[in-house]
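Below is one structure, written out as structure tokens, with a few remarks after it.
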Amino acid sequence: MVDLNQDVKFVKGVGPNRVVLLNRLGIYTLKDLITYYPREHEDRSKPVNIIEAIDGEEVLIEAVCTSRVNEIRTRRKGMTIYKLIVRDDTGSMVITWYNQSYLKQRFKLGEKYNFYGKIVKRNGVTEMVSPTFDEAGKTKNTGKIIPIYPLTYSLSQNTIRQIIENGLNIAKNSLEETLPLYLLEEYNLRDINSSINSIHFPNDFKDFEEARKRLVFEELLGMQLALLSLKNMNTQEETGIKFDENIKMSEVINILPFKLTKAQLRVLEEIDRDMESSKPMNRLLQGDVGSRKNSSCNNCSI
């Protein structure tokens with residue numbers, strides 16, 4: 001059985017510097033790592049043609065390199081631009097990066113790549129700025145649904161994704177199921193291990209929604225049980241104000257200038273009965289506008 005409380009520093013890809021960055025995110029153990037959920041997902045699984053790409057949108061383009069990476073030195077100190085021209089069956093596009101010198105030898109003329117990034121259209125030219133990319137047939141950064149995590153400075157999305165993937169490989173099927181079988185069956189919920197995997201790296205958005213449903217259900221159930229436990233504790237340990245049984249609300253009700261409804265009378269009887277008990281009463285009084293629900297109570301929380 002894998003120790004989920006082992007230090008995150010033992011996960012592949014986590015060095016001394018990254019341990020500090022992960023700790024800033026509240027990630028100290030393997031369990032902390034695999035339960036550090038994405039804030040959103042990007043769908044990088046559906047390519048579009050270059051001619052169909054819309055200005056300002058982030059899209060996936062499958063295209064062939066028709067030039068080598070061109071280095072452009074600017075007058076601005078410390079700024080170098082790298083441009084690559086690619087083409088698909090519908091048109092051509094310029095890919096632009098800034099200060100990424102390693103890309104000069106990264107692309108092969110005539111080879112196909114997947115590019116995901118924001119489209120910019122200027123003077124009839126389609127451009128994609130600082131995209132992430134993969135070789136055709138590979139799906140490390142494109143071609144699938146990608147999790148996006150809340151991060152701290154100096155820790156990139158690619159880095160945290162790879163570390164979490166390594167953590168999931170270590171913890172594979174090691175989480176103990178926390179929900180009884182009858183609840184899983186009654187509410188059609190997935191098991192904890194498949195849910196944890198799919199919340200990070202879902203096959204599709206249906207897969208993600210099923211995982212999210214399970215995890216949200218468990219979180220809300222835990223909150224509800226905690227509130228019930230707190231209520232029971234207060235009921236058993238605390239003593240409320242016990243009102244005299246001889247004092248009846250009817251004495252006040254009879255002098256009201258209006259007649260109460262049956263529902264109002266029923267609620268008042270319940271409140272009267274609860275206030276005669278020494279147990280604390282927590283009651284939420286609800287009513288439509290104009291139902292005369294405004295009141296004060298020394299023995300209840302409204």
Side-chain angles (χ1 to χ4, degrees), residues 4 25-27 31-32 34-41 149-150 175-196 198-200 202 205-302:
L4 295 175
L25 296 174
I27 301 174
K31 186 175 182 180
D32 292 337
I34 64 176
T35 55
Y36 188 72
Y37 302 138
R39 59 178 170 83
E40 62 179 327
H41 290 79
Y149 297 91
L175 283 170
E176 184 177 353
E177 184 56 69
T178 52
L179 295 179
L181 180 60
Y182 78 88
L183 280 182
L184 297 178
E185 294 177 346
E186 181 177 354
Y187 293 98
N188 193 27
L189 301 173
R190 294 172 55 167
D191 67 276
I192 184 63
N193 286 289
S194 68
S195 297
I196 290 292
S198 293
I199 203 68
H200 290 288
F205 280 104
K206 180 182 178 181
D207 189 29
F208 163 74
E209 288 298 336
E210 290 178 352
R212 182 178 180 276
K213 174 185 174 183
R214 152 59 202 247
L215 297 173
V216 169
F217 181 95
E218 183 174 6
E219 181 177 354
L220 293 177
L221 178 62
M223 291 175 60
Q224 185 67 21
L225 291 175
L227 290 173
L228 287 173
S229 176
L230 182 62
K231 179 181 179 181
N232 291 334
M233 186 183 303
N234 289 338
T235 301
Q236 294 173 5
E237 297 181 1
E238 294 187 14
T239 301
I241 301 173
K242 184 177 180 180
F243 282 69
D244 191 338
E245 297 179 2
N246 296 319
I247 299 176
K248 298 299 180 182
M249 288 189 188
S250 58
E251 297 176 3
V252 177
I253 294 173
N254 292 335
I255 63 174
L256 292 175
F258 52 85
K259 186 176 181 180
L260 298 181
T261 65
K262 292 182 179 180
Q264 290 171 331
L265 288 171
R266 185 182 68 253
V267 170
L268 285 172
E269 289 177 1
E270 293 174 359
I271 293 175
D272 192 22
R273 185 167 55 251
D274 288 345
M275 292 178 70
E276 291 174 358
S277 169
S278 60
K279 295 181 179 179
M281 177 180 66
N282 292 281
R283 183 179 296 278
L284 174 65
L285 185 62
Q286 292 179 293
D288 296 332
V289 174
S291 64
R292 306 182 184 93
K293 59 182 176 295
N294 295 328
S295 64
S296 61
C297 178
N298 294 325
N299 196 36
C300 61
S301 299
I302 297 179

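Being a predicted model, the structure only gives us computed values, none of them experimental.
Enclosure of atom CZ in Arg212 is not indicated, since only 12 or fewer non-hydrogen atoms of other residues, nucleotides or ligands lie within 6.0 angstrom. A 6.0 Å sphere centred on CZ of Phe205 holds more than 12 heavy atoms belonging to other residues, nucleotides or ligands. Around atom CD of Glu176, no more than 12 heavy atoms belonging to other residues, nucleotides or ligands sit under 6.0 Å away. By the neighbour-count criterion of 12 heavy atoms within 6.0 Å, atom CD of Glu40 is densely surrounded, having more than that number from other residues, nucleotides or ligands.
For Glu269, there are no salt bridge (Lys or Arg N to Asp or Glu O under 4.0 Å) partners two or more places apart in sequence or in a different chain. Taking the salt bridge (Lys or Arg N to Asp or Glu O under 4.0 Å) definition, one finds that Glu177 meets it with Arg214, sequence neighbours left out. Scored by the salt bridge (Lys or Arg N to Asp or Glu O under 4.0 Å) test, Asp32 finds no partners at all (sequence neighbours excluded).
At least one side-chain heavy atom of Arg190 sits less than 4.5 Å from a side-chain heavy atom of Asp207. Residues Leu179 and Phe217 meet the side-chain proximity criterion, which asks for heavy atoms closer than 4.5 Å. In this structure the side chain of Lys213 never reaches within 4.5 angstrom of the side chain of Glu209, judged on heavy atoms. Annotation: side chain of Arg39 is not in contact with side chain of Tyr149 (no heavy-atom distance under 4.5 Å).
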*Please assess Leu215 against Thr35 for the test side chain to side chain contact (heavy atoms under 4.5 Å, CB included), listing each intermediate value before the final yes or no.*
CA-CA 10 Å; Leu215 297 173; Thr35 55; over 6 Å; no
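Note: Arg266 CZ to Gln264 CD = 10.5 Å, rounded to the nearest 0.5 Å. Here the CD1 atom belonging to Ile27 is positioned 11.0 Å from the CD1 atom belonging to Ile34, to the nearest 0.5 angstrom. Put simply, CG on Leu265 and CG on Leu260 are 5.0 Å apart, with the number rounded to the nearest 0.5 Å.
Side-chain contact, Glu210 with Ser198: no donor N or O sits under 3.5 Å from an acceptor N or O.
Although no hydrogens or angles enter the test, the distance criterion places a donor-acceptor pair under 3.5 Å between the side chain of His41 and the main chain of Ile199.
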